[in-house]
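Heads up, the thing below is written out as structure tokens.
Reminder, nothing fancy here: chain letters follow the sequence lines and each chain counts from 1.
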Amino acid sequence: MSTPVIDLSPIVRSINRLSDNLQVVNNNVAVVDSKVEVVAQQQVITVERIDELYNEFAQFVAADIKHKQLQLAATRIIEVRQEIERKFGHYSEVRRITTGILQATDAAIVRQDTMRTATENLMLLAPGYWLAPALVALAAWIADNRLLAEKSLGEAIRRDDSKASLFFALVCRRGQRLEANAQWLRRYFQIQNPHSMDREVVVMLDALANGVFGGAALTACSDVVDQWLGELEEQAGFSDEQRRRWAGALDILAPKMRDNEYPTLPNHTSAWPRLQTALCRARRNQVVHSFFEQMFSGETTVPPSLEASVDALLDSLVKNFDEEELPLRREERLLQLTVEEQGDRDGAKRRFDEESDSLEEQTNFAAMLTNSAMNPQQFGATRATQRYAVSLSRDWILNAHKDLIARDRAEVPAHAELACGSWKGSSSDGRNESELSADLNSRYESRIEEAVNAVSLSPGDWIALIGGGLLGLVVLVSGAILIGLVITGIAAAYFYWQYRTLDKRRVDVREALERERDQALQILLACLAELADLRRELAREDAKSNEVTSFLESLTAAQFILSGPDKQRATLAS
Amino acid sequence: MSRKIIGAPKVEASRARAAQSRSSGQVGLREPFLGKRLREKRSNSYLEAISKIDAGTYQSNRAALDALLQAISSEFPELGIGQAPLGVVSRCFLGSPFEVHICDFTGEIIEHFETCRLMSPPFESARSLALQPAYAFIEVYTDAIRAIAADGSVSVIGKEGDQNP
């Protein structure tokens with residue numbers, strides 16, 4: 001009996017074909033895998049680009065808002081100025097004629113009838129305006145018409161006692177009527193309340209600081225200023241308020257930081273806003289020092305004659321202090337600041353709030369000093385007045401400056417928390433570079449080891465192997481040998497393929513994390529270098545606070561009163 | 001570990017000072033004189049007394065501590081209850097790990113603190129300023145802190161010197 005020969009060659013061929021096909025599948029899966037990896041990388045890139053786009057969009061929106069605010073402010077400021085011109089333009093004529101009358105009288109080339117007609121016309125043109133009857137009185141005085149002069153004076157005083165008194169004090173000083181000048185000044189002082197003063201007191205300060213008032217009037221003014229300040233200082237909380245006012249005025253001088261001065265640090269430490277604020281505030285010392293130094297350096301312009309000095313003061317008195325215009329002047333100022341701040345409405349509002357006192361109808365005398373020193377353009381205050389106001393306020397400024405410095409120093413963050421990649425650490429001044437670098441390397445090393453070790457055959461791979469093998473065995477036992485072998489072969493091939501790619505996946509993971517570590521290290525080194533620079537700059541700028549203190553301590557008030565222009569000599573502040 | 005030099009138990013001298021203060025019926029200064037007084041430059045003897053805290057003589061010598069507290073209380077003889085400083089915080093030169101120390105006038109305690117250990121609430125707010133070399137020490141009040149420079153000049157943070165009204 002011959003032994004039956006089982007021809008397994010078809011099965012072997014089938015298995016070989018199956019093996020070839022599996023190899024093809026394997027290759028295809030590898031291709032798919034690489035494509036998935038590419039897609040994953042592209043996704044990361046896409047997310048980064050979306051973040052960039054979001055940031056750029058946010059910047060664009062902010063810039064667009066600023067641009068629109070700037071355009072709006074530029075347009076509106078023209079409208080406001082037109083409105084001022086429309087509502088109060090007729091006052092200009094009245095104002096211009098003031099010094100015109102005085103100069104015409106000096107030159108003696110205008111008939112008194114002409115002056116009288118002109119001033120009486122102004123009474124009709126500007127109803128309710130204090131200056132019109134004052135000018136009628138002036139013309140009547142020049143024409144020696146006592147009855148008309150007294151009548152019109154009464155009307156001017158009724159309309160605005162304070163301004164009219166100061167006006168005639170200056171006019172009398174111009175005419176060398178010293179007794180009358182002193183009487184008008186006494187009247188002016190009597191109606192003043194240092195807690196609530198009209199803005200035109202700055203003109204009195206101007207006259208005092210520029211040496212227009214001499215002799216008894218100068219002494220009277222100086223005494224009354226001291227008396228006002230003494231009275232104010234006795235009020236509880238006044239000195240604190242005054243220090244706060246000066247602190248606010250100095251604080252807004254802090255410059256803004258330019259873009260990209262510190263390119264890396266801002267994105268990698270949560271302490272950046274506080275560090276930035278600390279540096280800007282420290283840089284303020286230089287600005288404050290320059291501000292006061294410029295104010296006190298150089299010569300002040302002394303008008304060639306007493307007449308010219310008084311004319312300038314009269315011009316300022318009649319132009320700058322009319323309360324009716326204040327609401328529009330306030331709006332104009334805010335719009336002007338918005339334009340200066342390139343559309344940054346918040347920045348403009350902050351600056352406006354600090355100087356808003358200067359556009360209030362009434363405020364206390366010490367606030368007037370602050371405003372004269374810090375916002376002279378709002379009053380038309382001269383450089384000499386600025387110096388005088390600063391000298392009178394010296395102690396408040398010094399205390400405000402010292403308090404601000406203490407606040408700034410207390411708020412400098414002692415440490416900066418750094419985040420570079422997945423690493424986090426902390427540095428105070430960037431000097432612990434080697435320690436932090438070693439820590440970063442060590443933590444990344446641990447992370448790499450963990451990630452590489454985590455790359456292994458998944459439970460799914462084992463289930464596929466065992467499940468496929470068991471299923472193939474069951475099918476094999478049930479008689480479908482070929483199908484059973486095929487199923488077992490597929491399971492084994494899948495498992496083998498997964499096993500073979502393990503090393504490559506581990507290498508990929510290691511390389512990706514090593515790249516991340518290198519980038520994180522570069523960022524850390526850049527952060528530490530910038531932090532060290534920032535701390536050095538902070539210390540340098542902070543030290544400049546002593547220069548401000550020394551400068552202010554050297555000031556005294558008396559030396560900043562100029563001698564009068566009629567004495568043909570100017571004692572200049574030094 | 002902190003170094004508590006003298007603990008909370010009161011001694012006769014401190015009781016005597018407190019009694020003296022009460023019996024004199026001192027109501028203190030009212031504003032604006034209080035603010036002005038606390039703005040005045042501190043005396044050399046006061047500055048010197050505070051600077052001796054690091055010398056360590058107080059650890060074993062109760063009489064030395066009483067002398068220190070006496071020097072401090074005589075700096076503000078006219079102040080009433082609640083107007084004087086609660087204590088001072090200054091840099092500690094005992095070396096690592098100590099960073100700052102408190103001289104608590106009310107509890108009559110001198111205590112040194114390490115870098116990572118927080119002081120009690122009213123004093124902790126003075127730590128960052130105390131570490132600034134520009135200031136000799138920081139006085140802590142119920143409503144403000146006052147930084148005292150080496151020349152005795154005063155800077156205020158808090159209620160009076162609030163720069164952000």
Please flag which part of A/Glu233 lies under 4.5 Å from any non-hydrogen atom of chain B: side chain, backbone, both or neither.
both
Taking atom CZ of B/Arg37 as the centre, report whether more than 12 heavy atoms of other residues, nucleotides or ligands fall under 6.0 Å from it.
yes
Measuring from B/Ser153:OG to A/Glu553:CD, what's the distance to the nearest 0.5 Å?
8.0 Å
Supply the atom-to-atom distance A/Glu411 CD to B/Leu129 CG, rounded to the nearest 0.5 angstrom.
9.5 Å
Part of A/Ala410 lying under 4.5 Å from any heavy atom of chain B
both
Smallest separation among heavy atoms of A/Arg409 and B/Gln132, with atom names
O-NE2, 3.6 Å
Which atoms of A/Ile405 come close to chain B, meaning under 4.5 Å heavy atom to heavy atom: side chain ones, backbone ones, both, or neither?
both
So, are A/Asp403 and B/Arg146 salt-bridged, with charged N and O less than 4.0 Å apart?
no
